[in-house]
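If you're wondering where the values come from, they're calculated on a predicted model, not measured in any experiment. We're numbering straight along the sequence, starting at 1.
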Amino acid sequence: MPPDPAARPERVRQPVSQADVKFMAWMIPHHAHAVVMTGWAPTRGASPQLQLMCERMLISQRDEIAFMRTWLRDRGQAVPAADATHGTMEHDGMTHDMLMPGMLTEAEMAALEKARGKDFDRLFLSGMIKHHQGAIGMVEELFASYGAAQDDFVYLF
């Protein structure tokens, strides 16, 4: 992979493990998936409280996606698209799309997209619980990897 002209390797001060790279690269689709879910709240009759929460989540998730993309770029790593909702895994020379842990299936996303009012609120909140449990599992996997999360940004993130 040729160096990205936007990369800033001089900003990298700490060792980076493959577990760090995988975590950051896989968190981008994880966040992008949440962006899709939160973006539906205003048009699905979500309660005002849920709409406010979704608005806050939407802003934070987009900011964090930008941060993760910059982090990967500065380290000369492949950078997933900001709107990628699936991770990728290479196996036997082929690239496969994958859902990250905790992400809703296509059927669950379709049900959420179709839901309105209190049904939307209920499905959204139960989906977000599942979503965040998956993210916690990803963090646990990161911390269980030897040499991972030594980079201050990864650790704090």
Checklist entry - Between atom OH of Tyr155 and atom CG of Asp20, what is the distance when rounded to the nearest 0.5 Å? => result 13.0 Å
Checklist entry - What is the distance from atom CZ of Phe153 to atom OG1 of Thr70, rounded to the nearest 0.5 Å? => result 11.0 Å
Checklist entry - Checking His31 side chain against Met68 main chain: does a donor-acceptor pair fall under 3.5 Å? => result no
Item to check | Asp121 side chain vs Ser47 backbone, donor-acceptor pair below 3.5 Å | outcome: yes
Checklist entry - Taking all non-hydrogen atoms of both residues, which atom of Phe143 and which atom of Ala149 are closest, and how far apart? => result CE2-CB, 3.5 Å
Checklist entry - Can you name the closest pair of heavy atoms from Ser145 and Glu141 and give their distance? => result OG-O, 2.9 Å
Checklist entry - When clusters are formed from ILVMFWY side-chain contacts under 4.5 Å, directly or step by step, what else is grouped with Met53? => result Val36, Met37, Trp40, Leu50, Met57, Leu104, Met109, Leu112, Phe120, Leu123, Phe124, Leu125, Met128
Next on the checklist: Tell me whether Glu108 contacts the main-chain N or O of Thr105 through its side chain, where contact means a donor paired with an acceptor under 3.5 Å.
Outcome noted: yes
Next on the checklist: If I compare all heavy atoms of His131 with all of Ala34, which pair ends up nearest, and what's the gap?
Outcome noted: NE2-CB, 3.8 Å
Item to check | side chain to side chain contact (heavy atoms under 4.5 Å, CB included) between Gln61 and Thr38, intermediate numbers included | outcome: CA-CA 10 Å; Gln61 298 294 285; Thr38 58; 5.9 Å; no
Checklist entry - So, Arg116 side chain and Lys114 main chain: donor-acceptor pair closer than 3.5 Å or not? => result yes
Next on the checklist: Minimum heavy-atom separation for Pro80 and Leu72, please, with both atom names.
Outcome noted: CD-CD1, 3.8 Å
Checklist entry - Salt-bridged, Asp151 to Arg75, with N to O below 4.0 Å? => result yes
Next on the checklist: Closer than 3.5 angstrom, by distance alone: can the side chain of Glu113 be matched with the main-chain N or O of Ala111 as a donor-acceptor pair?
Outcome noted: no
Next on the checklist: Show, in sequence, the C-alpha distance, side-chain angles and deciding distance for Met27 and Glu64, and conclude whether the side chain to side chain contact (heavy atoms under 4.5 Å, CB included) test is met.
Outcome noted: CA-CA 9 Å; Met27 268 295 164; Glu64 289 175 6; over 6 Å; no
Checklist entry - What closest approach, in Å, do Ser17 and Gly147 show between heavy atoms, and which atom pair accounts for it? => result CB-O, 3.7 Å
Checklist entry - Between Asp83 and Ala32, what is the shortest heavy-atom contact and its length? => result C-CB, 4.0 Å
